[in-house]
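Heads up, the thing below is written out as structure tokens.
The figures here come from the full heavy-atom set of this structure, side chains too, leaving out hydrogens, waters and symmetry mates.
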Amino acid sequence: MTIERVAIIGLGLLGGSVGLAIAEYLPQVATTGYDASPATRQRAAERGLVGTVHDNAADAVADADLVIFCVPVGAIADVAREMAAAIPAKAIISDVGSSKAAVSQALADALPDNFIVPAHPVAGTERSGPDAGFPALFRQRWCILTPPEGTDPDAIAEVSAFWEALGAKVEMMDAAHHDLVLAVTSHIPHLIAYTIVGTASDLEDVTRSEVIKYSAGGFRDFTRIAASDPTMWRDVFLTNREAVLEMLGRFTEDLTALQRAIRREDGQALFDLFTRTRAIRRSIIEQGQDDARPDFGRSDH
């Protein structure tokens, strides 16, 4: 890897974690950063999320070999256009967004003279902001690269080596296919979580205190997902709306079939479904993508 200077635009959970991971695993690489929020910039400087926090984006990207956009996907187009003149022609452009087709097009339109290698590190927590980042966030997690056709192989290799150095496992994927896969594995689960938590909150015959007091494991996990950054997820659903709507239609059909099985007291259909889905859970644990300990590894204390 020949990257020597990385500029991080957006210093929340992902941007901050990228900066801290570089400091720990690539200490020879210099980092600069910028965030539109003065309060975030101040806190980022206090935590040392990057080597130098700049008060304007142009200074942050001036000498960068790699520019990583860590802002909500809906803002990437405007942010990239605003700093286009300041980004060096040699700089590779990347991001960390959860939807890729729309982001790839936005970056290509805003920065036509740069090599663009979109990336999605499939990692995160429900926390957000400059205090949320930590250096090990990406270790043993997948990072999916979706370079457009014709992208310089050397640029792809540089970005791949960068994420591998931060501990991630790198996979290549077409942007449209990525968006379909993530609609199933991430976007629809978040949509369901937002919906069920909202439904529980709205029920007139269940008070808010009862919902909180008697939260069992399932609902508790939904609330964790539903606590994710609202701006980020609003943008994800809007930029990946076609894939989300396609998968939501399929989910609605399956939910109707499940409803019919319950109404008809079809215990065998329920048992068969639950057996099949249990096997999926075991596969996720076997591949090291979650914790197999009881209660998902939660502490009893």
Side-chain angles (χ1 to χ4, degrees), residues 3-98 103-104 106-121 123-124 127-135 137-138 155 158-159 162-163 166 229 231-232 234-236 239:
I3 294 169
E4 296 180 349
R5 296 180 63 84
V6 177
I8 301 170
I9 308 303
L11 297 171
L13 166 64
L14 290 174
S17 294
V18 171
L20 291 172
I22 292 172
E24 180 154 334
Y25 305 118
L26 290 170
Q28 75 280 10
V29 174
T31 54
T32 58
Y34 170 77
D35 195 282
S37 165
T40 296
R41 294 199 300 270
Q42 179 178 341
R43 185 60 183 145
E46 291 169 353
R47 286 201 66 202
L49 298 184
V50 292
T52 305
V53 178
H54 290 278
D55 289 331
N56 65 79
D59 288 344
V61 302
D63 299 314
D65 300 313
L66 173 65
V67 178
I68 305 178
F69 288 95
C70 301
V71 300
V73 290
I76 283 181
D78 289 339
V79 173
R81 279 195 297 267
E82 289 172 4
M83 64 182 66
I87 294 178
K90 67 178 177 66
I92 300 169
I93 308 300
S94 193
D95 74 304
V96 295
S98 184
V103 167
S104 297
L107 289 173
D109 292 342
L111 303 167
D113 297 327
N114 291 93
F115 291 124
I116 297 169
V117 184
H120 176 205
R127 299 180 63 211
S128 59
D131 285 305
F134 57 97
L137 177 63
F138 311 109
E158 288 285 328
V159 176
F162 170 78
W163 281 106
L166 300 191
D229 181 64
T231 299
M232 181 186 79
R234 175 202 64 193
D235 289 358
V236 166
T239 56

**Message:** Between Asp95 and Phe69 (side chain of the first, backbone of the second, donor and acceptor by atom type, cut-off under 3.5 Å), is there such a pair?
**Reply:** no
**Message:** What I'd like to find out is whether the side chain of Arg47 reaches to under 4.5 Å of the side chain of Asp131, using heavy atoms alone.
**Reply:** yes
**Prompt:** Is a donor on one side and an acceptor on the other found under 3.5 Å between the side chain of Lys90 and the backbone of Ala64?
**Reply:** yes
**Message:** Taking Phe134's backbone N and O only, do any of them form a donor-acceptor pair with Ser17's side chain (distance below 3.5 Å, no angle check)?
**Reply:** yes
**Message:** I need the minimum non-hydrogen distance between Cys70 and Ile8, along with the two atoms involved.
**Reply:** SG-CG2, 3.9 Å
**Asked** Got a sec: does the CD of Glu46 have more than 12 other heavy atoms crowding it under 6.0 Å?
**Response** yes
**Prompt:** Is the shortest heavy-atom distance from the side chain of Phe138 to the side chain of Leu14 under 4.5 Å?
**Reply:** yes
**Prompt:** Nearest 0.5 Å, what's the CD1-CG distance between Ile116 and Leu107?
**Reply:** 5.0 Å
**Complete:** Those residues at least two apart in sequence (or on a different chain) that pass side-chain hydrogen bond (donor to acceptor under 3.5 Å, both in side chains) with Thr40 are Ser37
**Request:** Specify the closest pair of heavy atoms between Asp235 and Gly74, including all atoms of both residues, with the distance to one decimal.
**Result:** OD2-N, 3.0 Å
**Asked** How long is the gap from CG on Leu66 to CD1 on Ile3, to the nearest 0.5 Å?
**Response** 4.5 Å
**Request:** Just grab all the salt bridge (charged side-chain N to carboxylate O under 4.0 Å, His left out) pairs involving residues 26-36, residues at least two apart or on different chains.
**Result:** none
**Asked** Which residues pass the side-chain contact (heavy atoms from CB on, under 4.5 Å) test with Leu26, sequence neighbours left out?
**Response** Met1, Ile22, Gln28, Val29, Phe162, Ala165, Leu166
**Request:** Return yes if some donor-acceptor pair links the side-chain N/O of Thr31 with the main-chain N/O of Gly51 below 3.5 Å, else return no.
**Result:** yes
**Message:** If you define the side chain from C-beta out and look only at heavy atoms, does anything of Val50 sit under 4.5 Å from Tyr34?
**Reply:** no
**Message:** Just to verify, what does Thr32 make a side-chain contact (heavy atoms from CB on, under 4.5 Å) with, not counting sequence neighbours?
**Reply:** Arg5, Ala7, Thr52, His54, Ala60
**Complete:** In this structure, CG of Leu13 is separated from CG of Leu137 (nearest 0.5 Å) by 5.5 Å
**Asked** So, does Asp113 use its side chain to make a donor-acceptor pair with the main chain of Pro88 at under 3.5 Å?
**Response** no
**Asked** What residues form a side-chain contact (heavy atoms from CB on, under 4.5 Å) with Ala58, not counting sequence neighbours?
**Response** Asn56, Ala86
**Complete:** Residues Val159 and Ser94: closest non-hydrogen pair is CG1-OG, 4.3 Å
**Fill in**
What one should report as the nearest heavy-atom pair of Ala36 and Arg41 is O-NH1, 3.5 Å
**Message:** Out of the candidates Val61, Asn114, Val117, Ile68, only one should pair with Ile93 under the side-chain contact (heavy atoms from CB on, under 4.5 Å) rule; please name it.
**Reply:** Asn114
**Asked** What pairs of residues pass the side chain to side chain donor-acceptor pair (under 3.5 Å) test when at least one of them lies in residues 69-85, not counting sequence neighbours?
**Response** Asp78-Arg81
**Asked** What closest approach, in Å, do Met83 and Ala57 show between heavy atoms, and which atom pair accounts for it?
**Response** CE-CB, 3.2 Å
**Request:** Using a 4.5 Å cut-off on heavy atoms from C-beta on, say whether the side chain of Val103 contacts that of Thr239.
**Result:** no
**Item:** Close side-chain approach of Asp65 and Ile92, heavy atoms under 4.5 Å
**Value:** no
**Leu111 to Ala80 - nearest heavy-atom pair and separation** = CD2-O, 3.9 Å
